[in-house]
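Contents: one structure, followed by commentary.
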Amino acid sequence: MNILLIRGPANNKAIDLSHYTFSEPLGLQMLYSVLSKENSVEIFDMLADKTTLEKKLNEKQFDFCGISSACSDIFMIKDLARKIKKVKDIPIFIGGYQVKKTPELFKSKHIDFIMIETNRENLHEMIKSVKKNDSSKLTGVLRKSLNFEKCELSGIEE
C-alpha cells in the first residue's frame, strides 16, 4: 500500500513554535517507522518541501493519506483533507495531540478516520481495513463510515 503522511503548512494566523524554530515531524517519523515495514510510505513536510500538495499527490498512486495535527491547525487540516479529496479520492486519517484531546472538532466529510489513540496494533488494523474495504469498528479510531461513533480505547499509550 502506498501511504502519504503530511505535516501541513505553517498557520500564519497563529503564533506557535513554528514561528521561532524548525523541528522535524517526529510524530510522522514514528508512524513511518511502523508503517514502512509493510508499506511504501512517504512524508510530505509542507513546512520544508517546496512542492505543491497537488503535485505531490500526482507523483505516485497513493492509496491512503495521513495528516498530523497541531493545536492551531483544525481548520487547516480540514481544508487539506478537502484539497486531497479534490485531487484524489483516497481515504484520509488524522491524528496527533489536538485530535486526541478534541476529536469532535475534526469531524468532516473529507476525513475518513480520526485516530484518538495511536498504537502499532490499531495502525495495522486500520491499514488492513482500508485494503479490504472493511468498515468494522477499530479500537481507538473514529470512522466516518460509522458516523464517527464513539470507539473503544485499549488503554495502551504509545
Side-chain angles (χ1 to χ4, degrees), residues 3-36 39 41-49 51-54 56-57 62 64-127 129-130 135 137-158:
I3 302 170
L4 181 64
L5 302 175
I6 298 174
R7 174 165 73 170
N11 184 345
N12 294 327
K13 295 179 182 179
I15 297 175
D16 60 15
L17 287 177
S18 68
H19 288 72
Y20 304 103
T21 184
F22 180 78
S23 64
E24 296 292 324
L26 294 177
L28 293 181
Q29 290 172 342
M30 290 168 64
L31 289 177
Y32 179 93
S33 72
V34 172
L35 297 174
S36 64
N39 304 281
V41 183
E42 291 184 37
I43 295 176
F44 179 47
D45 186 348
M46 296 178 77
L47 289 177
D49 199 321
T51 304
T52 66
L53 177 64
E54 292 79 13
K56 186 64 180 179
L57 288 167
F62 291 104
F64 202 26
C65 184
I67 305 171
S68 175
S69 76
C71 293
S72 60
D73 292 341
I74 296 168
F75 298 110
M76 190 178 298
I77 287 170
K78 288 181 174 182
D79 190 50
L80 273 174
R82 182 189 58 77
K83 288 176 181 176
I84 292 164
K85 292 283 191 178
K86 190 174 180 181
V87 176
K88 290 199 176 185
D89 190 17
I90 58 175
I92 297 172
F93 74 96
I94 61 167
Y97 181 77
Q98 183 68 14
V99 171
K100 181 176 181 150
K101 293 300 176 190
T102 55
E104 65 279 358
L105 298 178
F106 292 89
K107 292 179 183 177
S108 164
K109 66 181 180 181
H110 305 293
I111 295 170
D112 301 285
F113 301 89
I114 298 175
M115 298 200 72
I116 57 174
E117 179 183 68
T118 307
N119 57 53
R120 285 178 185 85
E121 291 78 22
N122 72 350
L123 276 169
H124 290 301
E125 288 302 314
M126 182 176 60
I127 298 297
S129 75
V130 169
S135 62
K137 282 188 175 185
L138 298 168
T139 303
V141 181
L142 303 176
R143 297 183 75 136
K144 180 177 71 175
S145 63
L146 297 173
N147 297 315
F148 298 111
E149 179 182 316
K150 188 174 179 177
C151 60
E152 285 187 41
L153 299 177
S154 70
I156 299 171
E157 295 283 332
E158 279 191 36

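Between Ser129 and Leu138, the shortest heavy-atom distance links the atoms OG-CD1, 3.9 Å. Of all heavy-atom pairs spanning Leu4 and Phe44, the tightest one is CD1-CB, 3.8 Å. Closest heavy-atom contact between Lys78 and Ser108: CG-CB, 4.3 Å. Scanning all heavy atoms of the two residues, the minimum distance from Gly140 to Leu153 falls at CA-CD2, 3.8 Å. Of all heavy-atom pairs between Gly8 and Leu47, the closest is O-CG, 3.8 Å.
For the pair Leu57/Lys83, no side-chain contact is recorded, criterion being any heavy-atom separation below 4.5 Å from C-beta on. Ile127 has its side chain within reach of Ile3: a pair of non-hydrogen atoms, C-beta onward, lies under 4.5 Å apart. The shortest distance between side-chain heavy atoms of Phe93 and Leu142 does not fall below 4.5 Å. Within the 4.5 Å cutoff, the side chain of Glu117 has heavy atoms near those of the Thr139 side chain.
Listed by chain and number, the residues in a side-chain contact (heavy atoms from CB on, under 4.5 Å) with Thr102 are Gln98, Glu104, Leu105, Phe106 (sequence neighbours excluded). Legend: residues meeting salt bridge (Lys or Arg N to Asp or Glu O under 4.0 Å) with Glu152, ordered by chain and number and at least two apart, are absent. Among residues two or more places apart in sequence or in another chain, the side chain to side chain donor-acceptor pair (under 3.5 Å) test is passed with Glu42 by Lys56, Lys60. Partners of Val130 by side-chain contact (heavy atoms from CB on, under 4.5 Å), not counting sequence neighbours, listed by chain and number: Met1, Phe64, Pro91, Phe113. Under the salt bridge (Lys or Arg N to Asp or Glu O under 4.0 Å) criterion, Asp49 pairs with no residue at all, not counting sequence neighbours. Partners of Lys137 by salt bridge (Lys or Arg N to Asp or Glu O under 4.0 Å), not counting sequence neighbours, listed by chain and number: Glu149.
For CZ of Phe148, the number of neighbouring non-hydrogen atoms (other residues, nucleotides, ligands) closer than 6.0 Å is greater than 12.
Checking Ile111, Ile74, Ile114 one by one against Val99, the side-chain contact (heavy atoms from CB on, under 4.5 Å) holds for a single residue, Ile114. Residue Asp112 forms a salt bridge (Lys or Arg N to Asp or Glu O under 4.0 Å) with just one option from Lys144, Arg143, Lys107, and that option is Lys144.
Between the OG atom of Ser36 and the CG atom of Leu31 there is a distance of 10.5 Å, given to the nearest 0.5 Å. Leu35 contributes atom CG, which lies 11.0 Å from atom CZ of Arg120 (distance to the nearest 0.5 angstrom). Atom CD1 in Ile116 sits 8.0 Å away from atom NZ in Lys150 (nearest 0.5 Å). Rounded to the nearest 0.5 Å, atoms NE2 (His124) and CG (Asn39) are 8.0 Å apart. Note: Ile43 CD1 to Leu28 CG = 5.5 Å, rounded to the nearest 0.5 Å. Rounded to the nearest 0.5 angstrom, Ile6 CD1 and Phe62 CZ are separated by 8.5 Å.
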task = Apply side chain to side chain contact (heavy atoms under 4.5 Å, CB included) to Met30 and Val34, showing your working.
result = CA-CA 7 Å; Met30 290 168 64; Val34 172; over 6 Å; no

message = Could you walk me through whether Ile67 and Ile77 satisfy the side chain to side chain contact (heavy atoms under 4.5 Å, CB included) test, starting with their C-alpha distance in whole Å, then the side-chain angles of each, then the deciding distance to 0.1 Å, before giving a yes or no?
response = CA-CA 7 Å; Ile67 305 171; Ile77 287 170; 4.0 Å; yes

inquiry  = Under the criterion side chain to side chain contact (heavy atoms under 4.5 Å, CB included), I'd like the reasoning laid out for Lys85 against Ile92: C-alpha separation, chi angles, the key distance, then a yes or no.
reply    = CA-CA 8 Å; Lys85 292 283 191 178; Ile92 297 172; 3.9 Å; yes

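Counting only distance, with no hydrogens or angles, the side chain of Asn119 and the backbone of Asn122 share a donor-acceptor pair below 3.5 Å.
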